[in-house]
Amino acid sequence: MSDPLPEPVLADDSDDSDIAAAVRLRCKQTDISARSLLVTVLGDSVLPVTETLWLSGLFELAAPFGFSERLVRTSMFRLVSEGWVSNERVGRRSRYSLTLLAVRESEDADRRIYTTDRAGWDGLWTFAVVDTPQMAAPERDRVARHLRWHGFVALGRGLLASPSVTVPSLRELLRLVEPAAAVPIGRAELDDLDHLVGEGLFADAFRVEDTENEYRDFLARYEPWQSHLLDGTAPLDAYGLRTMLVHEFRRIRLREPDMPAELLPRDWVGDCAYDVAADLYHRLSPPAARALGEILEVDYPATMPRRFET
């Protein structure tokens, strides 16, 4: 378990030094990756307004987390090699652009991070067979990794399944991840679902206990911020805290397989975590927008439609 962010001691007005110190302290802990946090920055703060970003702007966006320019360059080099961003030189400046794969995965991540809509499951599962003689191990591992990011869960050796992703969406994702890979996919219904739930099949396959503990850690870390005034927070500090909030919530949501309500325990702790994230996100967004508008040189919206709507 990670050490929680220290609870800030704030007066009637937000103490921005406490916020900045808490964010930097959290980023020094070993479970926080600069590369992964920059993915959150790109998806949460950049992509809603633009798909391109100057390296100089990225340095400014990384500053609240204490990342050096060298670390930012190294992290972005990895994202280029993974096909998530592309890089081009424009004179003496360097510009990054999100690829189609990044846009597609960010759109799907948005649905899983910022909404709680679990209604309307028809009982059908979308399956992908990733362990076939025709697939080389690197292809298989890359496909399986991306499918897990999209909420798929392993129901057997080489068999990944999702109760929410459609066949056309899966086919499009596979085309972006491994165009040449031959992945058998299909759609089916599991028989005697109530019995399988009772026997704990989905609790194990969906890591319910582990996910519940991760949500409790999240609540211990961020719930105390709800009792403080955040409206007057300095713009860059609001952006930093909002990003850390989304990053840690995002990590749980994207590791948590996409479970319909029928497979979840009653009084699911994830719903409480969502409410905390929604409250803080809405309160931090107006001041954060002022910092983001200056850095990205756009008229940045104070609120984001379809994010944490309640």
Side-chain angles (χ1 to χ4, degrees), residues 1-46 53 55-76 113 213-253 272-296 300 302 304 308:
M1 180 186 303
S2 305
D3 293 331
L5 278 167
E7 182 174 346
V9 180
L10 302 182
D12 290 342
D13 297 320
S14 298
D15 188 335
D16 299 326
S17 63
D18 285 340
I19 294 176
V23 168
R24 284 182 176 251
L25 179 62
R26 182 72 184 101
C27 288
K28 290 180 179 179
Q29 296 175 18
T30 56
D31 63 322
I32 298 295
S33 155
R35 172 202 159 278
S36 181
L37 186 53
L38 288 174
V39 168
T40 298
V41 169
L42 293 172
D44 182 63
S45 295
V46 177
L53 177 66
L55 179 60
S56 58
L58 196 57
F59 288 155
E60 292 185 69
L61 292 174
F65 315 112
F67 298 152
S68 67
E69 292 186 2
R70 180 179 180 180
L71 181 56
V72 172
R73 290 179 187 272
T74 301
S75 300
M76 295 306 292
I113 296 167
N213 290 334
E214 290 170 355
Y215 275 130
R216 295 196 186 284
D217 287 347
F218 174 87
L219 288 170
R221 187 171 293 125
Y222 289 99
E223 203 168 20
W225 290 98
Q226 288 188 290
S227 63
H228 301 292
L229 296 176
L230 298 173
D231 295 343
T233 303
L236 199 59
D237 293 320
Y239 152 74
L241 182 56
R242 192 188 80 168
T243 300
M244 289 305 304
L245 170 84
V246 171
H247 180 66
E248 302 215 59
F249 191 67
R250 168 185 175 271
R251 290 198 305 173
I252 304 171
R253 298 284 269 201
C272 181
Y274 178 90
D275 291 340
V276 170
D279 174 57
L280 292 176
Y281 193 88
H282 288 307
R283 292 167 61 191
L284 290 165
S285 286
R290 294 195 289 274
L292 290 166
E294 290 184 9
I295 294 172
L296 299 175
Y300 205 93
M304 289 290 179
F308 291 115

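If you're wondering where the values come from, they're calculated on a predicted model, not measured in any experiment. Computed from heavy atoms alone, side chains included, the values below leave out hydrogens, waters and symmetry copies.
Under the side chain to side chain contact (heavy atoms under 4.5 Å, CB included) criterion, R216 pairs with E212, V269, not counting sequence neighbours. The side chain to side chain contact (heavy atoms under 4.5 Å, CB included) search around S285 returns R242, Y281, not counting sequence neighbours. V41 is linked by a side chain to side chain contact (heavy atoms under 4.5 Å, CB included) to V46, L61, F65, Y239, T243, counting only residues two or more places apart in sequence or in another chain. Qualifying salt bridge (charged side-chain N to carboxylate O under 4.0 Å, His left out) partners for R290, counting only residues two or more places apart in sequence or in other chains: none. Among residues two or more places apart in sequence or in another chain, the salt bridge (charged side-chain N to carboxylate O under 4.0 Å, His left out) test is passed with R35 by E82. Take Q226 and apply the side chain to side chain contact (heavy atoms under 4.5 Å, CB included) test, not counting sequence neighbours, and it matches E223, V276, D279, L280, R283.
The line from CZ of R73 to CG of L55 is 5.0 Å long, rounded to the nearest 0.5 Å. Going from atom CG of L25 over to atom CG of D18 covers 11.5 Å, rounded to the nearest 0.5 Å. Taking OH from Y222 and CG from L241, the interatomic distance works out to 6.5 Å, rounded to the nearest 0.5 Å. Separation of atoms CZ (F59) and CD (E69) is listed at 4.0 Å; rounding is to 0.5 Å. Taking CD1 of I113 as the start and CZ of R251 as the end, the distance is 12.5 Å to the nearest 0.5 Å. Distance CZ/F67 to CZ/R24: 10.0 Å, rounded to 0.5 Å.
Across all their heavy atoms, A288 and A238 have their closest contact at N-CB, 3.8 Å. L236 and A291 make their closest contact through N-CB, 3.8 Å (heavy atoms, listed as atom of the first residue, atom of the second, distance). C27 approaches L37 most closely through the heavy-atom pair SG-CD2, 3.9 Å. The two residues S75 and L38 have their closest heavy-atom pair at CB-CD1, 3.7 Å. When all heavy atoms of A273 and L219 are compared, the pair lying nearest together is CA-CD2, 3.7 Å.
Between F308 and Y274, a ring centre-to-centre spacing shorter than 6.0 Å is recorded.
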Pair R221, R26 - check side chain to side chain contact (heavy atoms under 4.5 Å, CB included), show working. CA-CA 10 Å; R221 187 171 293 125; R26 182 72 184 101; 3.4 Å; yes
Apply side chain to side chain contact (heavy atoms under 4.5 Å, CB included) to D217 and I252, showing your working. CA-CA 10 Å; D217 287 347; I252 304 171; over 6 Å; no
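Side chains of S45 and Y300 form a contact here, defined as non-hydrogen atoms less than 4.5 Å apart. At least one side-chain heavy atom of R253 sits under 4.5 Å from a side-chain heavy atom of Y215. Annotation: side chain of T233 is in contact with side chain of I19 (closest heavy-atom distance under 4.5 Å). Side-chain contact between D237 and V23 is absent, with no heavy-atom pair separated by less than 4.5 Å.
Using a 30° and 60° split on the angle between ring planes, W225 and H228 fall in the perpendicular class, above 60°.
Remark: D44 does not engage R250 in a salt bridge, criterion side-chain N to carboxylate O under 4.0 Å.
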